[in-house]
Amino acid sequence: MPRVILHIDMDAFFAAVEQLDHPEMRGKPVIVGADPKGGKGRGVVSTCSYEARRYGIHSAMPITRAWKLCPHALFVRPRGERYAGISQRIMAILHDFTPLVEPLSIDEAFLDITSTFKFFGSTEMTAKTIKDRIRQEIGLTASVGVAGNKFVAKIASDLQKPNGLVIVMPGTEKAFLAPLEIERLWGVGRRTLPLMHRQGIFRIGDLARMSEREVVRFFGDHGLHFQRLANGIDDRVVGAAGQVKSMSKEVTFSHDRNDTDELLTTLRTLCDELAHELRRKYYRGRTITIKIRLSDFSTFTRARTLSHPAINSGELYNTARDLFQAFDRGGQAVRLIGVGVSHFEDEASQLDLFQSGRSEVDTIDRLMDRVKEQFGQDAIRRASASRSPRQPHSPSERSNLDEI
Ligand SMILES: [Mg+2]
């Protein structure tokens, strides 16, 4: 039986909440993020309202740049608790439509409505009812994509933002994807994009059409994964509520660092924190990724997949250190450094751990954990143990490593 997967994504979530709570901000450019400090601030834009987007402002942009583009915008600090509270209410609404809800972040979730949509009339009626309830009960708009799998549903929800609804009929996934730009494919980032372009791949359909042999020759085995997505094939199930697929720790320095020993000390502390959290949540992952942002804001990730899951801080650090030392930063100082773990063992193989260690996975707890990660509350508390002076994380809607 074909599946019916729905991806729901709140529109400009943090900024929309600010406009909801502060009527005087409605219709105005609102930028949630770091303090611009009159153009001298550090950190980035977390989210901005659609009015601000007209000035070319977007998430993850340096706050100083946003300040230059639109100095009269309303710059506000994020209110994590408030956003988390609203997120909980949204997730509760979603659970009225199916037990299979997988939150991806504070304002995004997948729903598998295969066996429940008939109660609400049709897939379209289900999507509309969800949107209506969120608008009426919360006062915010959401965009929804509906398709036969997660990948296509997620792409669909983004196409008609804000307040969008895009339904991809079963069997039309490939044709739907073909004309879209290749950078919409998960995992095609700054590094992969030029490689794709060099092979004449500009649209998703260009990759879908390539022979398997060519794909492997140009992009390695990983290319086959991209190609399956390009053909609209994605078998991943909508996971248990709150299932986390990657975990990371990062820090933005108050001033850029160039001293390698000092940077490695910070990396060590981040690995300690990460290992602690992995253990606490019974996760074991095989892929270790480091993230480095240089003083010119260029951002790089380097990853290595181990043959077995890394569990302790020493293993994490040894790999992270190797990756860091192999990275040539061309003499530039480092602005941000981070480490993450993904490629978690699947739930079945973790079952023994679950049974010995925990009773059930609570959605709200997981969401709160993610919010804390996003806002670095833990990092702030533990920072005292680190010898490197640190700033709290710049809250941003940073993407997880999980969509690769
Ligand atoms: Mg969103």
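Treat the numbers as computed from the prediction; the structure is a model and nothing was measured. Quick note: numbers below take in every heavy atom, side chains included, and nothing from hydrogens, waters or symmetry partners. Each ligand, and each atom within it, is numbered from 1 in the order the structure gives.
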Can you tell me if, anywhere in [X], an N/O/S atom lies at a distance from the Mg ion (ligand 1) that is smaller than 2.8 Å?
X      : value
Asp9   : yes
Glu108 : no
Ser105 : no

Next item on the list: Specify the closest pair of heavy atoms between Ile337 and Leu270, including all atoms of both residues, with the distance to one decimal.
Entry: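 Nearest pair, atom of Ile337 first, then Leu270: O-CD1, 3.6 Å.
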Item checked: Asp107: its N/O/S atom lying closest to the Mg ion (ligand 1) (atom name) ->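 Sorting the N, O and S atoms of Asp107 by distance to the Mg ion (ligand 1) puts OD2 first.
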Check: Ring centroid separation for Tyr55 and His72, is it under 6.0 angstrom?
Finding: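 Centroid separation for Tyr55 and His72: below 6.0 Å.
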Checklist line | Test log, rule salt bridge (Lys or Arg N to Asp or Glu O under 4.0 Å), inputs Asp96 and Arg133 | finding: CA-CA 11 Å; Asp96 284 349; Arg133 279 197 55 192; 2.8 Å; yes
Next item on the list: On the 0 to 90° scale, with breaks at 30° and 60°, tag the Tyr83-Phe14 ring pair as parallel, tilted or perpendicular.
Entry: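 Ring orientation, 0 to 90° scale: parallel.
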